[in-house]
Amino acid sequence: MRHGSIPGARGRVRPLTLLGDPLLHAPCKDVSDFGPELVTLVEDLFATMYAAQGVGLAANQVGEALRVFVYDCPDDEDVRHLGHVVNPRLVETDGVVLRGPEGCLSLPGLEAGTERYDHAVVEGFTMTGEPVRVHGTGFFARCLQHECDHLEGKVYADRVTGWRHRRLMRQVTRASWRR
């Protein structure tokens with residue numbers, strides 16, 4: 001973000017990559033160029049996330065196989081967390097494993113009970129190359145783990161097992177966006 005600007009205000013809304021697109025199932029590449037194209041990508045990610053009413057969005061969800069995600073997500077105490085991480089690494093997950101409803105802008109309208117740790121730490125960089133370390137608890141920890149998964153080529157459906165997975169896959173086949 002340019003200093004003093006509203007995240008996404010200068011970005012353009014990009015089409016979302018939906019489940020089934022090979023891009024969602026391949027690990028993303030590290031960002032090596034911290035130039036104006038990266039700033040544009042981050043602004044576009046925010047604009048797209050807000051337009052779709054999400055709380056997080058990874059670059060491969062808009063067709064870019066790069067290790068970048070944005071977030072504007074509350075934790076369980078309703079504290080707002082707003083930012084982006086370039087070349088993130090999930091360096092800590094601990095605490096209690098909780099199964100909670102999880103959705104994804106690449107599987108619009110669907111959700112399933114997904115197990116995640118209630119504490120997560122992500123390290124990476126800002127779009128200007130400054131080191132950043134992000135701590136998340138509760139719902140925000142879930143968001144951080146979810147977005148890091150995207151950059152490894154995983155979606156939350158890959159973590160759902162048993163009858164929950166079967167039910168989710170039936171819902172995917174019937175979803176209007178699959179036609």
Side-chain angles (χ1 to χ4, degrees), residues 1-19 21 23-76 78-93 100 102-108 111 114 116-117 119-156:
M1 267 57 49
R2 290 172 181 91
H3 186 70
S5 70
I6 298 165
R10 290 197 170 98
R12 71 179 171 88
V13 176
R14 298 194 193 186
L16 287 166
T17 305
L18 298 176
L19 185 69
D21 189 308
L23 194 58
L24 286 180
H25 304 286
C28 295
K29 298 179 204 76
D30 276 343
V31 171
S32 54
D33 182 3
F34 285 76
E37 294 84 8
L38 180 59
V39 173
T40 299
L41 173 59
V42 169
E43 289 178 346
D44 289 357
L45 284 169
F46 272 113
T48 305
M49 177 184 72
Y50 289 136
Q53 298 181 319
V55 295
L57 190 65
N60 59 347
Q61 292 183 272
V62 297
E64 300 280 347
L66 291 171
R67 294 184 58 80
V68 181
F69 71 79
V70 300
Y71 58 87
D72 187 346
C73 183
D75 60 24
D76 288 357
D78 224 23
V79 174
R80 179 184 184 193
H81 299 270
L82 171 67
H84 68 279
V85 186
V86 179
N87 297 338
R89 286 186 358 266
L90 188 60
V91 296
E92 249 178 74
T93 50
E102 196 162 318
C104 179
L105 296 176
S106 292
L107 288 80
E111 66 177 29
T114 308
R116 300 280 187 185
Y117 286 97
H119 177 252
V121 179
V122 172
E123 291 179 349
F125 300 91
T126 66
M127 63 181 146
T128 56
E130 299 298 313
V132 64
R133 183 175 171 97
V134 183
H135 292 262
T137 58
F139 185 65
F140 182 46
R142 177 176 297 278
C143 175
L144 292 173
Q145 292 165 83
H146 178 109
E147 300 310 328
C148 285
D149 271 1
H150 272 304
L151 303 180
E152 299 301 329
K154 294 187 180 93
V155 294
Y156 80 92

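Hydrogens, waters and symmetry mates are skipped; everything else that's a heavy atom, side chains included, is used.
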With a 3.5 Å distance limit and no angle check, can you tell me whether [X] reaches the backbone of [Y] through a side-chain donor-acceptor pair?
X	Y	result
Asp72	Leu82	no
Glu123	Arg89	no
Arg14	Leu45	no
Asn60	Gly63	no
Arg142	Thr114	yes
Asn87	Val31	yes

Validation row: [X], [Y] side chains within 4.5 angstrom (heavy atoms):
X	Y	result
Cys28	Val68	no
Leu16	Leu57	yes
Cys104	His150	yes
Leu144	Phe69	yes
Val122	Cys148	yes
Tyr156	Arg116	yes
Val70	Val42	yes
His119	His135	yes

To the nearest 0.5 angstrom, please state how far the [atom1] atom of [X] sits from the [atom2] atom of [Y].
X	Y	atom1	atom2	result
His25	Thr17	NE2	OG1	10.5 Å
Gln145	Glu102	CD	CD	8.5 Å
Leu151	His146	CG	NE2	10.0 Å
Leu38	Phe125	CG	CZ	12.0 Å
Leu19	Gln61	CG	CD	11.0 Å

Which atom names give the shortest non-hydrogen contact between [X] and [Y], and what distance separates them?
X	Y	answer
Gly56	Leu105	O-CD1, 4.0 Å
Gly11	Asp44	CA-OD1, 3.3 Å
Gly124	Val85	CA-CG1, 3.8 Å
Ala120	Leu90	CB-CD1, 4.0 Å
Asp75	His81	OD2-NE2, 3.0 Å

**Basic-acidic side-chain contact under 4.0 Å: Arg67, Glu152** =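 Salt bridge between Arg67 and Glu152, a charged N being under 4.0 Å from a carboxylate O: yes.
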**Message:** My understanding is that only one of Val86, Thr126, Val39 makes a side-chain contact (heavy atoms from CB on, under 4.5 Å) with Phe34; could you say which?
**Reply:**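 Single side-chain contact (heavy atoms from CB on, under 4.5 Å) partner of Phe34 among Val86, Thr126, Val39: Val86.
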**Request:** Over 60° means perpendicular and under 30° means parallel, so classify the ring planes of Phe140 and Tyr71, tilted if in between.
**Result:**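 Tilted: the ring planes of Tyr71 and Phe140 meet at 30° to 60°.
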